[in-house]
Structures are given as C-alpha cells and as structure tokens.
Amino acid sequence: MPLDTTNDLIRVRLDKLAQLRAQGLDPFAHDRFDRSHTTAGAVSGFQEWETRTASGAESGSEPDPAPRVCVAGRVFAIRNMGKALFVDLRDESGRVQLYFRVNHVGAEAFARLDLLDRGDFLGVGGPVFRTRTGEVTVEVHEFQLLAKALRPLPMGNLVGEEQHGDVTDVEFRYRQRYADLAVHPGVREQFRRRSLILRGIRDFFDQRGYLEVETPVLQTVAGGAAAKPFHTYHNELEQDMHLRISLELYLKRLIVGGFEKVYEIGRVFRNEGVDTEHNPEFSLLESYEAYVNLGAIEALVEELLCFLATRLYGRPVVPFGDEEIDLTPPWPRLPLLEGIRQHTGVQPEVFASLDGARGVAGRLGLNLDEAVSVGWIVDKIHGRYVQPKLIRPTFVTEFPLEISPLAKKIADRPHLTHRFELYVAGAELANAFSELNDPLDQRERFEAQGAMRDGGDEEAHPMDEDFLRALEYGMPPTGGLGIGIDRLVMLLTNQTSIRDVLLFPHMRPEGRLDTDPASGGQGV
RNA sequence: GAGCCGGUAGCUCAGCGGUAGAGCAUCUCCCUUUUAAGGAGGGGGCCCUGGGUUCGAAUCCCAGCCGGCUCACCA
C-alpha cells in the first residue's frame, strides 16, 4: 500500500523529515553509529558500577565516575515534560530510558526533539544515572536521529516491559511481519528459538558424523512423497520443471555414491491447501544412514527430540497447551492395524480384502470416493480415529505396501513395509523407512504407482528412471528419516498454528497491493 | 472445497435504519527526574469492494475480496 500522504500522522512525519533536512540534518544520511553498549548492557553495566562504588565507599577508596555510554535503538515512547523529556529506547537486547534536559543538550537541540516520533531510530551518548523513581536512565548529552519512521508503528502504549492496546489482528501481523517483529519482542524470541532448533539439529547430526548436503530444488521428476508439485519452466532449455516435494531420491543417490551418513535441511513445495498445519512451502529434514535398519532410526529420533527439548528446556519435556509431554525414551511401538483395533475395535483381519476394508470405512463414516486400495482406507481410518489420540510420542509401524512405495517389504508379510511414522501431540512428526534398495522391486512399485496415477491419483509416485539407474548400481541397506521442521518447531515451542513458526507465512495477495502484471512487479 | 464468525480513525474497539463514536496515539498550549495515564483544547474516516432495498444504509438483502475458527484433504 503506497504511503498515504493525506493521512495526518504520516503527513506530520514527512513534514518533520523536511524540517530536519532543511536544517541540514537528514536522518537518512547517517551510515553508522558507534555503540559502546546495547541498551541492556548499559543498564547492567550501570548496576555493576553501583555495587562497585558501594563497596568502594566502604573501603574508603576514590569512587569511579558513573559510566558513559553510547546506545542506539528505536524510540517506543516519548514523555514530554516541557523542559525535560523522557524516551523509551529499545534495541534487540532490551530497553533503556533516556532523559533529555535543555541545559544538557542546549536549547536548539532540545527544540529539535519536537521532530522526534515514536518509531524513529535514535543514537545517544551520555552518562548513566538513576532517576528519583529508581529507573536506570541515560542522561543524554548528544544525540543523532539515525532514521525516521514515516509510518506509525502499530503499537499501543509502552512503559517498561508492559505494552497496552497492542495490535492483535493476526492478518496484519502475518502480512506485515516486519511491524509485528518490531513491536513484539516475544515474536522475535519465538523465531530465535526456531533458529536455535535448526542449530541444534545441525549440531546433533554433525556430532554423529553426518554430512550436510544440498540437492536440487528444480527437478524434472518430483518424487519421494505423495503430493502435487508446483510447475515452472526453464526458458533457455525450453523445459518444464517442478519444485521438489521431498529430498528423498537425491539423498539416496548419494548413499549409492558412497556417502554413508547424509542429511539435508531444505525447503520443499507442495501444491495443496493452506491451514493451521500446512504452508505451501515448508522445511524438511531428511537423513540417510547406510547399514542400519529402522530400529537405529527409531533410536536416532528419540535421541534427537530429547536433545532438542533439553537444549530448550533443560530436560526432555515439552509444554503442550497447559500440560506437558514427556519425551523420555523408549517410546511405544504401535502397529498400524493394532492402533486401529484399540481405538475403533475393528479387527485387523477385516482389512485382508478391499471389500472388507470398504465396508468398515463406510460404517465409520469415511468418504469412499477415492478408496482405491486397502492401504488408503487404513491410512484414513488411522488419521481420523487413532492419530488424534497419540499425544505421547508413539511409533506407528507396519504400513501397507501400496502407500509405501519406497520402503522395504517385511519378508514374511510382504504386504507390509519396514516403516514408521512418529506421532506426538496428535500430529505426524516423522516418517522413516528401511529404504527399498532392490531396483527390480522398486521398478515394480513405480509401475504400480503409475497404474494408480493413470487411475486418477495425482499424488501417485512418478516413474524415475534416473533414480532406478542409481539403485541398479547398488545401494547398501539404508535407514532413512524425514521430519517436518515446522511441525517440529510447533511441538517444541507449544504453537498450534504453522503461521506462528514461519516468519512470512503464505497469504493471498492484498487487494490493493496488486501490481500491474505487465510491469512485472510480483514475483512467484 | 463446506459451515460459522469477523473486516469502522495509526492501534484496540463500540455503534447495527435517522448528522461517524470512545480510549490510546497524533497536533497546539502549560509543566526541569516522569512511569499505561499531569492539565486544557483541536484535528483525523472510500465504516473491505460492487450491486440492491429504502425518503434515508456503517447498519437490512445479494454477490465478491481478505482473514480467523471448525470440518474435509495433504507433512
């Protein structure tokens, strides 16, 4: 939305900017400000000086002068007392109060403070003292306006750590995250924790000798998951391309190539709906390790979650609403059909035939339009009746073959696969297989998926000849893991909406922001 | 995709057929250590958009846009 110069609040700010420039004081001309302290550092430094001089007075030694500081930040509140003026200044570290007085800065400079607005960036210098009301405060002797805010920030009143009359409109906060972040230290903290989790994941895998790699985002065959891809086009090559929907197939190519432990944290794109648990682009962690089976991957996930929770909370327990979830291993293993038996009373034998499965699905009130296979039905029943009950971490195991085209068969029950999905807090958090490394079997699976694709299943796995060629060179037995990072961050930070763990969640375009397509304004 | 709820000043919200409101913010004036908020006075609106009903619509009706929640689906 272009700057509305008819708006009073904005016009006043533009006017003040013009006045500053007329005085040769363009705030946007500054390209640096040397800080001696952060705001929090200025306060703590002063408090240390206080205790030092208090003990110095007891021993009768000469007192140090009060510390002088240079601090910079955004102005959050201005309290004008006539010939004195107080400002709340905030930076990333916290806040400090500023005290301006005519005879400290001079009448001319003091008058210039009329041109200061909430939201402006200010750099100041002067000694620190404690006011009569006990607040540690910088007595400003010099100041520079470092940048002007032409728009008023969406904030209510702020005094100390309290904030009143805050912006609560979630649409505003997601669309204008910059303003949300500027005004809400708690939101910045949320994303700092996300970063900490990412750092933790890397530390975890690096400590275990895994190699972090990067694989293509632009692909001609987008596979490795059941999802619809985004389409794009390479002009020069005149080639249709897809954005990747998973990392799987390229990472397994690397296992073929002789890397024995690899992982990637990457953005993937799925052309599907948007809600509190889904964003069209999201971050996925996948790891592959040669010569290990599913049991090793279970142990790996148990360790990873405990490691991350302990980093954040000091113990392997995460908050969940007003309660807590204990992540201490071992976590229970629950075969898929056993979970369904426990929560619906339907016996596993019923799923021996498609007709039996369809009958149960109908009785349970499921929409059968797409019920093309037993596996599909089992998955739906699980999603609806079992998954929401799995609050404590649970490995659901023994997935049907037809919904697991990349997982090894269980030798004595070839309709099932060596696969688990991890559920915590009623949400799927991880998906892992003993990776199918038999290229002949893999080709049959792809062909079966192709038949489903021909049958109208847009999410059936596409044939990938290059991947098959890689398997044909030989891939060792391998354990693979996938974890949705955003869901993981939601779990670890007790958030119920994926938008609150994404800095810039996907939103429909704002009507009036629409640019002329001919001018090429909007990307993607 | 369906149902329900919402969109009014920079922010938070009230108003729900009869001149567009409040608090904070903003502007002017007074005040040299204030603390959500000293005192006095002033300005500020495409009431989401487009149709309709009506003497008259922010308010009622229809369609649409954007968002939230629930459900269906995908991680």
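Proteins get letters first, then strands, A, B, ... in listed order; numbering begins at 1 in each.
For A/F420 and A/F399, the gap between ring centers reaches or exceeds 6.0 Å.
Base pairing of B/rG3 is made with B/rC69, judged by Watson-Crick or G-U wobble geometry with both donor-acceptor distances under 3.5 Å. Under the Watson-Crick or G-U wobble criterion, with both distances below 3.5 Å, B/rC13 is paired with B/rG21. The base-pairing partner of B/rG56, taking Watson-Crick or G-U wobble contacts with both distances under 3.5 Å, does not exist among the strands shown.
For B/rU35, the base has a donor-acceptor partner in the side chain of A/T131 [N/O atoms by modelled type, under 3.5 angstrom]. A donor-acceptor contact under 3.5 angstrom links the side-chain atoms of A/R79 to the base of B/rU34.
The listed nucleotides are B/rC31, B/rU12, B/rU35; the one nearest the side chain of A/M81 is B/rC31. Residue A/R508 places its side chain closer to B/rG67 than to any other of B/rG67, B/rG43, B/rU12. Comparing B/rC31, B/rC27, B/rU35 by their closest approach to the side chain of A/N80 singles out B/rC31. When distances run from any side-chain atom of A/T133 to the nucleotides B/rU34, B/rU33, B/rA72, the shortest one goes to B/rU34. Residue A/D275 has its side chain nearest to B/rA72 when only B/rA72, B/rC69, B/rC31 are considered. Nearest nucleotide to the side chain of A/F282, out of B/rU32, B/rA75, B/rU33: B/rA75. Distances from the side chain of A/Y99 to the nucleotides B/rU33, B/rA72, B/rG68 place B/rU33 closest. The listed nucleotides are B/rU33, B/rU34, B/rA25; the one nearest the side chain of A/F129 is B/rU33. Distance from the side chain of A/P152 is smallest to B/rG10 among B/rG10, B/rA75, B/rA25. Comparing B/rU34, B/rC27, B/rG67 by their closest approach to the side chain of A/K16 singles out B/rC27.
Figure legend: A/R333 and A/F395 shown without cation-pi pairing, the cationic atom not lying both under 6.0 angstrom from the six-membered ring centre and within 45 degrees of its axis.
Residues that satisfy the salt bridge (Lys or Arg N to Asp or Glu O under 4.0 Å) test with A/E421, not counting sequence neighbours, are A/R419.
Between the CD1 atom of A/I377 and the P atom of B/rC73 there is a distance of 13 Å, rounded to whole Å. Straight-line distance from the CD atom of A/E272 to the C1' atom of B/rA72: 14 Å, rounded to whole Å. The separation between A/I245 atom CD1 and B/rA75 atom P is 9 Å, rounded to whole Å. Going from atom CG of A/D169 over to atom C1' of B/rG68 covers 10 Å, rounded to whole Å. The separation between A/D117 atom CG and B/rC27 atom P is 6 Å, rounded to whole Å. Rounded to whole Å, atom C1' of B/rC71 lies 9 Å from atom CZ of A/R384. Whole-Å rounding puts the A/H382 NE2 to B/rC73 C1' distance at 16 Å.
In terms of position along RNA chain B, the nucleotide closest to A/S497 lies nearer the 5' end than the nucleotide closest to the other residue of the pair A/N279 and A/S497. Checking A/V102 against A/G273, the closest nucleotide of RNA chain B that is more toward the 5' end is the one next to A/V102.
The aromatic rings of A/F143 and A/F100 sit perpendicular, their planes meeting at an angle over 60°, well past the 30° parallel limit.
The salt bridge (Lys or Arg N to Asp or Glu O under 4.0 Å) contacts involving residues 378-406 of chain A comprise A/E398-A/R413, where partners must be two or more places apart or lie in separate chains.
Contacts of A/R151 with the nucleic acid, taken as non-hydrogen atoms under 4.0 Å apart, are absent.
Closest non-hydrogen pair, A/L336 versus A/P400, comes out as CD2-CD, 3.6 Å.
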